[in-house]
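Beneath this line is the structure, given in structure tokens, with notes to follow.
All values below come from the heavy atoms of this structure, side chains included, with hydrogens, waters and symmetry mates left out. Small disclaimer: the values here were computed from a predicted structure and weren't measured.
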2 protein chains.
Amino acid sequence: MRALNVSERRTAPPRVGVSTVIFALQPPAGQPVGDAPHDGATLWLPLVRRTRAPFTGRWALPGGPLAWDTSLEESARSTLHEATGLSPRYLEQLYTFGGRDRSATDLRVVTVAYWALIALADRTPMESVENVAWYSVDALPPLAFDHADIVALARRRLRAKATYTGVAVRFLGEEFTLGELRRVHDAVLGRTSDPANFRRRMLASGRVEPTGAVRRDGAHRPARCYRFVAEPDAELLTPAPTPAETTERKRRTS
Amino acid sequence: MRALNVSERRTAPPRVGVSTVIFALQPPAGQPVGDAPHDGATLWLPLVRRTRAPFTGRWALPGGPLAWDTSLEESARSTLHEATGLSPRYLEQLYTFGGRDRSATDLRVVTVAYWALIALADRTPMESVENVAWYSVDALPPLAFDHADIVALARRRLRAKATYTGVAVRFLGEEFTLGELRRVHDAVLGRTSDPANFRRRMLASGRVEPTGAVRRDGAHRPARCYRFVAEPDAELLTPAPTPAETTERKRRTS
DNA sequence: TCAAAAGTGTTCTACGTACACCCATGG
DNA sequence: CCATGGGTGTACGTAGAACACTTTTGA
């Protein structure tokens, strides 16, 4: 295929790109930037510095054009791997952005956005990747395109899902204590919940089950370890929630 | 731009299409088909018969390629208008389908699916549109591509949203009684709820407010009329839910 | 022996359900 | 006057919030 001239580019059919918002609890041993509000209670994400117009030099979400032989999710997975060297613990389609003017060039791009959670429990050393830096979501630099909107939407979605599903565990390793899980949960939701009630809710939900192990990590009683237990209905294709499951199930009035 | 040959088509960048699942309470005065389970408690949607390969003659969701000068939502709106002659009371992006083999041709298509609710309260006469027919969602014919999956996902999403938001009212006109609303709600969710409790829940939710009017339509006490009241936070861009609003708001423990 | 987090028990409230009962109307 | 759906009142059960209290550790 030959290159297109200016007016052809403007009226050419839109191209498809995939971008991914990758959340983690801490930045790995790469090079973080931006003043980090190091209360410990922030999320982090990797950004890629653009080397081409438009927005040369600006930071952007990891992503790229959709190749002809790659599925959308594969594309999200591979850019995630390129940017972090890791595989996601959770990956879900977020939204598709297709405004006419969002690419700020003649060539129109429709972007399918994904969001992902990764666990850094393994203390991944992470040889630093070229042009990638980690930022706290609370101190992001100016982003290219409408990527700030995408991040904002991803945060909303993460918060929403954290309130009625167990996604938060995906930030943690195989084994975790309920204290750890609660702190993650609170960081994501920006609240502080009662340890006793949180414990009961989690155990009652059945999404978590005890391994035999205990963990001792301070001047206090050791904590029992738990593992995540897969949700009963594995809905692979569900950007939409399925809330109020229990309520829905028992009903069937009069 | 010149036409592409076969191997070029296969490795060409994916094209973007938009398809819309349009739900209504009853089919308009067009030509419905398929054995309709006329319990009155089904939803209906318009389908378009394909006139070109692949899947020639099969029924498919209204949609088409994304034009260079049209936004995704505009595209969904316009195909909706073409198929039904109406404007949606509700329109939301559903999901983007981009599997490699879903188009069953060499040319790969990424489809951004939308779902919509329309009200037929105005007793729209609907001059029958060429190649469009309405089907009950419970008796759909075989569909082209992966459109059956899309419809299934849309139904799940509609049900989910109906449980924790007021979307169901969008099936009705400006004014409605709580009995009407309850029947719609029940039809969508496939349950039967207690009129007294439903009434209380709706009024308590604040999503509904009385107009002065009453409606008399049978051998029983006339019903007060209500109108829908816009949700407080108009989140234009929110495929994700925002459930447990009340619970979330008051919190902020210890 | 003290602080600090793990873990248990108990009360209180909000919300939804079930269900009994009155109201207004057309036939 | 009766069947039908609109509309009110009320008792019950459950889930979460608040909070008092015990347990086990390191320093």
Using the side-chain contact (heavy atoms from CB on, under 4.5 Å) criterion, which residues pair with [X]? Sequence neighbours excluded.
{"X": "B/Ala154", "answer": "B/Val21, B/Phe23, B/Leu94, B/Trp115"}
{"X": "B/Pro141", "answer": "B/Leu47, B/Trp59, B/Tyr135, B/Leu143"}
{"X": "B/Ala162", "answer": "B/Val167, B/Val188, B/Leu189"}
{"X": "B/Ser205", "answer": "B/Met202, B/Arg207"}

Report yes if a side-chain nitrogen or oxygen of A/Arg182 is closer than 4.0 Å to either non-bridging phosphate oxygen (OP1 or OP2) of C/dA5; otherwise report no.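 For C/dA5, neither OP1 nor OP2 has a side-chain N or O of A/Arg182 closer than 4.0 Å.
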
D/dG5 OP1/OP2 closer than 4.0 Å to side-chain N/O of B/Arg183: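 It does not, given that no N or O in the side chain of B/Arg183 lies less than 4.0 Å from OP1 or OP2 of D/dG5.
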
Under the side-chain hydrogen bond (donor to acceptor under 3.5 Å, both in side chains) rule, collect the residues that match up with A/Arg77, sequence neighbours excluded.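 Here the qualifying residues are A/Glu73.
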
State, with a plain yes or no, whether a side-chain heavy atom of A/Phe228 is found less than 4.5 Å away from one of A/Leu172.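 A/Phe228 does not reach A/Leu172 side chain to side chain.
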
Which residue, A/Ala204 or B/Glu180, contacts DNA chain D at a nucleotide closer to its 5' end, judged by nearest heavy atom?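 Nearest-nucleotide comparison on DNA chain D picks B/Glu180.
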
I need the residues from residues 215-225 of chain B with at least one non-hydrogen atom less than 4.0 Å from DNA chain C; give them sorted by number, or say none.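 Output list: B/Arg216, B/Gly218, B/Ala219, B/His220, B/Arg221, B/Pro222.
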
Side chain of B/Arg200, base of D/dG7: donor and acceptor closer than 3.5 Å?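 Such a pair does not exist between side chain and base.
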
Please list, chain by chain and in numerical order, all residues satisfying ring pair (Phe, Tyr, Trp, His ring centres under 6.0 Å) with B/Phe198, sequence neighbours excluded.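 So B/Phe198 forms a ring pair (Phe, Tyr, Trp, His ring centres under 6.0 Å) with B/His185.
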
[X] [atom1] to [N] [atom2]: how many Å, rounded?
{"X": "A/Phe176", "N": "C/dA6", "atom1": "CZ", "atom2": "P", "answer": "14 Å"}
{"X": "B/Asn197", "N": "D/dA11", "atom1": "CG", "atom2": "P", "answer": "15 Å"}
{"X": "B/Met202", "N": "C/dG16", "atom1": "CE", "atom2": "P", "answer": "11 Å"}
{"X": "A/Leu203", "N": "C/dA6", "atom1": "CG", "atom2": "P", "answer": "13 Å"}
{"X": "A/Arg199", "N": "D/dA15", "atom1": "CZ", "atom2": "C1'", "answer": "18 Å"}
{"X": "A/Phe198", "N": "D/dA18", "atom1": "CZ", "atom2": "P", "answer": "15 Å"}

Can you tell me which residue pairs pass the ring pair (Phe, Tyr, Trp, His ring centres under 6.0 Å) test with a partner in residues 199-221 of chain A, sequence neighbours excluded?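 Non-adjacent pairs meeting ring pair (Phe, Tyr, Trp, His ring centres under 6.0 Å): zero.
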
Do you know which of B/Thr79, B/Thr84, B/Leu61 makes side-chain contact (heavy atoms from CB on, under 4.5 Å) with B/Thr20?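 With B/Thr20 as partner, B/Thr79, B/Thr84, B/Leu61 yield a single side-chain contact (heavy atoms from CB on, under 4.5 Å), made by B/Thr79.
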
Bending between helix ends of the helix from C/dT1-D/dA27 to C/dG27-D/dC1 [5 pairs per end, 10° resolution]: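 Taking the rotation axis at each end, their angle is 0°.
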
Scan B/Ala196 against the nucleic acid and name what it touches under 4.0 Å (heavy atoms): base, sugar-phosphate only, or nothing.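 It contacts base atoms.
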
Nearest-neighbour nucleotide for the A/Asp194 side chain, C/dA18, D/dC19, C/dG16 considered: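 For the A/Asp194 side chain, the nearest candidate turns out to be D/dC19.
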
